[in-house]
Amino acid sequence: MNLLNEILQTILSGISVGCIYGLIALGFVMIFKATEVINFAQGELMMVGAFIAFSLISFFHLSYWTTLLLTTLIMALFGMIIERVVLRPLVGQPIFSLVMVTIGMMIFFKSVVSMIPFWGTDTYGFGTPFTEKLVRYNEIIVSWEHLSIIILTLLLILALFIFFRFTKMGVAMRATSQNQLAAVYMGISVNRVFSLTWVISAILGGFAGILLSPITFVHMNMGLIGLKAMPAAILGGFYSIPGAVVGGLIIGVTESLAGAYLPIGWKDVAAWIILILVLVIRPYGLFGTELKKKV
Amino acid sequence: MSFFEAKNISIRFGGIRALELVNFDVKKGEVFSIIGPNGAGKTTIFNCINRYYDLDEGAFIFNEKDISRVRPHVVANLGIARTFQNIELFRRMTVVDNLLLGRHRRRRSNLFAEALFTGFVRKQEIENREKAEDIIDFLDLQAYRDQIIENLPYGVQKTVEIGRALAMEPELLLLDEPSSGMTLEETEELSFWITDIKEELGITILMVEHNMKFIKEISDRTMAMSFGEVITQGTTAEVLEHPEVLKAYLGEEDAFTEN
């Protein structure tokens with residue numbers, strides 16, 4: 001029973017970390033689908049979101065839920081500004097330039113965060129309503145911290161699903177990712193679609209930041225986790241929204257199991273081994289579709 | 001005042017004069033065709049109307065409004081729909097979803113009402129779906145209704161594109177080589193549809209076309225172009241008989257007599 005409990009715990013914490021990988025991977029996929037740009041600053045968006053949440057809770061003494069809502073709004077605005085100020089002037093430039101700009105943003109955000117008083121290079125934490133609370137079911141013990149991550153991620157994904165499935169702008173965004181030219185001729189403003197894409201990605205980043213903070217704490221390098229979300233996105237096929245989430249979960253669980261049962265070091269390479277294996281078997285990712293050209 | 005008018009439009013790409021002081025007007029309820037050899041600037045006119053290119057000179061007047069400086073997506077919202085020479089559909093969506101996207105400009109949006117699927121949103125959704133079904137019936141697309149575009153034959157895709165444009169309920173429909181790549185039967189069917197679109201739906205059509213037989217059948221007036229300039233325009237019969245047009249299409253008369 002003890003061993004079972006242990007494995008269950010390990011898997012559960014893997015799933016919760018996987019949810020965060022999934023959220024960051026979703027951010028990658030969203031921007032990639034709309035603009036074919038890989039946003040290397042996605043992890044840093046998460047870091048900024050975590051710092052904002054930390055400040056709201058520690059300096060302004062707001063409740064966790066108010067913080068969640070406010071951080072979402074601030075990140076939405078932040079995403080909108082990034083698109084308007086940094087990316088829109090580059091429309092029509094080669095994709096490579098845009099990717100370079102996202103790498104630039106990654107470095108820029110980190111530096112700025114390290115210069116802001118009370119943020120800086122230290123590590124911070126903040127309490128959540130779930131800290132140190134446990135759910136007991138017979139012998140099985142589950143921490144609320146992990147459960148909350150899973151539940152909140154599911155809610156966010158449900159909201160995204162409804163948005164893309166049923167709303168006018170959501171449908172417009174899907175259409176734009178398939179054929180920009182045709183979308184314009186349907187009366188869809190591509191500028192608005194791009195803006196909204198960044199807004200959603202920034203919100204995803206912020207959300208991931210808030211959820212991750214209790215586990216890894218808040219510090220300027222927490223965006224590096226983006227490097228682990230990248231294989232999650234690739235695993236899912238980089239075009240697929242469910243793929244990103246499933247990819248995140250697979251990587252999270254593997255990593256967690258490898259950390260618990262394999263020698264030290266395996267934890268960090270596990271994600272990449274899985275990625276390479278999957279790409280050997282399915283080069284277009286788990287959820288990607290093979291691109292065929294008719295001749 | 002005419003319904004749609006091109007006034008002295010010119011555009012240059014580097015040293016090439018793609019369009020040079022082109023003038024024409026389209027009357028409400030007619031089919032107006034533009035013909036000419038490759039590179040005459042026919043599709044360029046469409047791309048200028050759609051604001052894909054900026055005109056160097058001149059203007060398009062649509063319903064007494066200058067539309068040559070509006071933002072690209074606004075053109076659709078003003079009531080101008082278009083099809084393309086090389087199909088531009090949403091390839092990974094079904095036929096019916098493509099048609100529903102044509103309804104974008106007719107759809108009023110309110111994020112919260114949409115998320116909650118309130119009565120107003122439901123009513124709007126029903127309207128849009130009814131309109132899409134009407135078009136499926138009109139163009140005989142029932143058999144393909146739920147299929148993904150990628151898997152459909154070329155001619156069907158072209159028809160879906162016309163359907164999507166109709167879903168927008170436009171006042172003016174731009175058709176870029178609607179018959180190209182279609183079989184003989186498909187082309188015949190197409191000429192019926194275009195006549196129906198004009199007569200039953202009251203939509204004005206501006207069309208670029210190569211198929212002379214097709215143009216003779218359905219076009220009310222025609223304009224012939226060559227190297228960015230208008231050769232002649234008038235009723236279709238007149239234009240097709242015009243010596244310059246014959247020359248542009250068939251070459252010098254000597255070319256035939258010499259042998």
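Chain letters run A, B, ... following the sequence lines, proteins first, then strands; residues in each count from 1.
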**Report entry** Residue part contacting chain A, namely of B/Arg107, when any heavy atom lies under 4.5 Å
**Finding:** both
Requested in this report: Go through the structure and list residues passing ring pair (Phe, Tyr, Trp, His ring centres under 6.0 Å) with A/Phe51, not counting sequence neighbours.
Outcome: A/Trp119
Report summary line: Under a 4.5 Å heavy-atom criterion, the part of residues 149-166 of chain A in contact with chain B comprises A/Ile162, A/Phe163, A/Phe166
Query raised in the report: Does the side chain of A/Val184 reach to within under 4.5 Å of the side chain of B/His73, using non-hydrogen atoms?
Result: yes
Requested in this report: Give me the contact list for residues 189-209 of chain A versus chain B, heavy atoms only, anything under 4.5 Å, ordered by residue number.
Outcome: A/Ser189, A/Asn191
Query - Interchain contact, B/Arg71 with chain A, by part (heavy-atom threshold 4.5 Å) - result: side chain
Report summary line: Separation between NZ (A/Lys168) and CZ (B/Arg106), nearest 0.5 Å, reads 11.0 Å
Query - More than 12 heavy atoms of other groups within 6.0 Å of A/Ile95 CD1 - result: yes
Query - B/Arg12 atom CZ, neighbour heavy-atom count above 12 within 6.0 Å - result: yes
Report summary line: Checking heavy-atom separations under 4.5 Å from chain A, one finds in residues 158-180 of chain B B/Arg164, B/Met168
**Report entry** chain A interface, residue from B/Arg105, B/Arg82, B/Arg103, B/Met93 that has the most non-hydrogen pairs under 4.5 Å
**Finding:** B/Met93
**Report entry** Nearest-0.5 Å distance, CG of residue B/Leu100 to CE of residue A/Met186
**Finding:** 12.0 Å
**Report entry** Heavy-atom side-chain proximity of A/Asn179 to B/Leu89 below 4.5 angstrom
**Finding:** no
Query raised in the report: Nearest heavy-atom pair of B/Ala76 and A/Tyr185: which atoms, and what distance?
Result: CB-O, 3.3 Å
Query raised in the report: If you draw a 6.0 Å radius around OH in B/Tyr144, do more than 12 non-hydrogen atoms from other residues or ligands fall strictly inside?
Result: no
Query raised in the report: What distance do B/Phe84 atom CZ and A/Leu181 atom CG have between them, rounded to the nearest 0.5 Å?
Result: 4.5 Å
